[in-house]
Structure formats: C-alpha cells, structure tokens
Amino acid sequence: MISDTGSNKIKLRPEVDADSEFLFAVYCSSRRAEVAEFGWDETQQNAFLRMQFSSRALAYKMQFPMAEYSVILFDDAHAGSLIVSRTDQHISLTDIAVLPEYQKNGIGTYVVEQLKGEAARSNRPLVLRVDKTNIAAKEFYERLGLAVTGENQILFEMEWRGIK
C-alpha cells in the first residue's frame, strides 16, 4: 500500500462497488476525444466507452487477480484511479488515470515516487507499460527515472530499478 505521509493533499483509498460510475467517468476522460473522432453521436460513444470500460475491467481482474485497486483523492475529492499489482519479482503500475481538472497537481509524480520507494525497500523493480501513442506519459515516466526496456507494436515496457 502506498503511504500517505508524503502529502496531506493526496491520499488513496480502496475502490468499492459504489465507485463504478466515478471510475467510468475517469476512464471516459482519457478516451472521449479519441472516440469522438469516430463520428458517432453521444449515445453511440457512451455505449462504446461503457463496453470498453467493462471489458478492460474484466481483463485486468483476470490478468492481475491480486492487484490493489484504489481511488485517488486530492483534498478529499475524487481525482483519479490507480491499479498496482505486486509479485515477488516486481511492482507493476498497471494503470493510473487522473481527471483532467486534477492533472498538474503532482498526483502522478507522488504516486510514482511512492511506488519507487516501495520498490527500493523491497529490492524489486517498478515496471509499467505505456501506449506508444501516449508520448506525454512516456516522457513523464522518463523524467521520473524509468527507462524503456522493451516494446511491441503497441506498448513501451518501462522499468525503474532502485535495487540496492
């Protein structure tokens, strides 16, 4: 679990069933512009996004059954979502999304730095995957010390090793 001692504004709490509409809104905030380019009306966009959100949630639950699912709070307001998976081999930042109105408040930096600290203390690397089209995210992770360690046609694999 990420410690909340580094910032009194940023906190995590476990995701609960009542968060589903908020989590859908977070998902939509990161995909709406892309889906709008399809030329669909709002009803079609929402149906597609709902289907994608549900499929993604099921895939994560299958791929990462022991993952920790959290809601990110900023000044006690719902600001984003976080999925972290831990194994004996590594800590995986599986997914992070912050609502646009809460971006640029240090939330992503705080979360990554907390995970790096946990990784260093446990002698495990912090790993993640980032979509190749999301250059801003890749550059953000590079600024925080993660390096590309592999890639496929769709994703960059990135890693931070603070192992002693």
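Numbering of residues begins at 1 and proceeds along the displayed sequence. Computed over heavy atoms, backbone and side chain alike; hydrogens, waters and symmetry mates excluded.
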> Is Val148 close to Lys138 at the side-chain level, that is, under 4.5 Å between some pair of heavy atoms?
Replying inline: yes
>> Using every non-hydrogen atom in the two residues, find where Ile72 and Ser81 come nearest and quote the distance to one decimal.
In response: CD1-O, 3.6 Å
> Which pair of non-hydrogen atoms, one from Tyr102 and one from Ala77, has the smallest distance, and what is that distance?
Replying inline: OH-CB, 3.3 Å
> For residues 105-117, which residue pairs qualify under salt bridge (Lys or Arg N to Asp or Glu O under 4.0 Å), counting only residues two or more places apart or in two chains?
Replying inline: Glu113-Lys116
>> Using the rule that Ile, Leu, Val, Met, Phe, Trp and Tyr join whenever any side-chain heavy atoms are under 4.5 Å apart, tell me whether Ile83 and Val26 fall into a single cluster.
In response: no
> So does Asp19 pair up with Arg13, basic N to acidic O under 4.0 Å?
Replying inline: yes
> Going by heavy atoms in the side chains, are Glu68 and Arg86 under 4.5 Å from each other?
Replying inline: yes
> Which pairs pass salt bridge (Lys or Arg N to Asp or Glu O under 4.0 Å) with one or both residues in residues 39-55, sequence neighbours excluded?
Replying inline: Glu21-Arg50
> Is there side-chain contact between Ile10 and Leu73, with at least one heavy-atom pair below 4.5 Å?
Replying inline: no
>> Main chain of Met51, side chain of Ser54: is a donor-acceptor contact present, judged purely on distance under 3.5 Å?
In response: no
> Hey, are Arg32 and Glu34 close enough for a salt bridge, meaning a charged N less than 4.0 Å from a carboxylate O?
Replying inline: no
>> So Arg56 and Asp95, do their side chains get closer than 4.5 Å, heavy atoms only?
In response: yes
>> As an exercise, state the distance from CG of Leu126 to CG of Leu144, rounded to the nearest 0.5 Å.
In response: 10.0 Å
>> How long is the straight-line distance from CG of Asn46 back to SG of Cys28, given to the nearest 0.5 Å?
In response: 6.5 Å
>> Can you list everything that forms a side-chain hydrogen bond (donor to acceptor under 3.5 Å, both in side chains) with Ser122? Sequence neighbours excluded, please.
In response: Arg124
>> Quick check: closest heavy atoms across His78 and Val71, and the distance to 0.1 Å?
In response: CD2-CG1, 3.6 Å
>> Using only atom types and a distance under 3.5 Å, with no angle test, would you say the side chain of Gln45 pairs donor to acceptor with the backbone of Trp40?
In response: yes
> At their closest point, which heavy atom of Gly108 faces which heavy atom of Ile96, and how far apart are they?
Replying inline: CA-CD1, 4.3 Å
> With a 4.5 Å limit on heavy-atom distance, are the side chains of Leu12 and Leu82 in contact?
Replying inline: yes
>> Restricting to non-hydrogen atoms, name the atom on Trp160 and the atom on Ala119 that form the minimum distance, rounded to 0.1 Å.
In response: CZ3-CB, 4.1 Å
> Does the Ser55 side chain pair with the main chain of Gln52, one donor and one acceptor, at a distance under 3.5 Å?
Replying inline: no
> How would you list, by chain and number, every residue that makes a side-chain contact (heavy atoms from CB on, under 4.5 Å) with Ala137, sequence neighbours excluded?
Replying inline: Val130, Asn134, Tyr141
>> Before you tell me yes or no, could you show the steps for Phe53 and Leu23 under side chain to side chain contact (heavy atoms under 4.5 Å, CB included), namely the whole-Å CA-CA distance, both residues' side-chain angles and the distance that decides it to 0.1 Å?
In response: CA-CA 9 Å; Phe53 175 72; Leu23 297 169; 3.9 Å; yes
> Between Leu146 and Glu159, is any pair of side-chain heavy atoms under 4.5 Å apart?
Replying inline: no
>> Could you work out, with side-chain contact (heavy atoms from CB on, under 4.5 Å) as the rule, every residue matching Thr133, not counting sequence neighbours?
In response: Asp131
> Side-chain contact, heavy-atom cut-off 4.5 Å: Val127 with Leu93?
Replying inline: no
>> Looking only at side-chain N and O atoms, does Arg129 offer a donor or acceptor that is under 3.5 Å from a partner on Asn152?
In response: no
> Of the non-hydrogen atoms in Tyr69 and Phe64, which two are nearest, and what is the gap between them?
Replying inline: OH-O, 3.8 Å
>> Are Leu58 and Leu49 connected into the same hydrophobic cluster when the rule is that any two of I, L, V, M, F, W, Y join if their side-chain heavy atoms are below 4.5 Å apart?
In response: no
> Tell me, do Thr109 and Phe140 make a side-chain contact under 4.5 Å, heavy atoms counted?
Replying inline: yes
>> If we ignore hydrogens and angles and just use 3.5 Å, is the side chain of Gln103 paired with the main-chain N or O of Val98 as donor and acceptor?
In response: yes
> Under 6.0 Å from the six-membered ring centre of Phe74 and within 45° of its axis: does the NZ or CZ of Lys11 meet both?
Replying inline: no
> Do Phe48 and Phe24 sit in the same hydrophobic cluster, where Ile, Leu, Val, Met, Phe, Trp and Tyr count as joined when their side-chain heavy atoms come under 4.5 Å apart?
Replying inline: yes
>> Looking at Met62, I'd like to know if its CE atom is crowded, meaning that more than 12 non-hydrogen atoms belonging to other residues, nucleotides or ligands lie closer than 6.0 Å.
In response: no
> Mind checking what makes side-chain contact (heavy atoms from CB on, under 4.5 Å) contact with Thr87, not counting sequence neighbours?
Replying inline: Gln89, His90
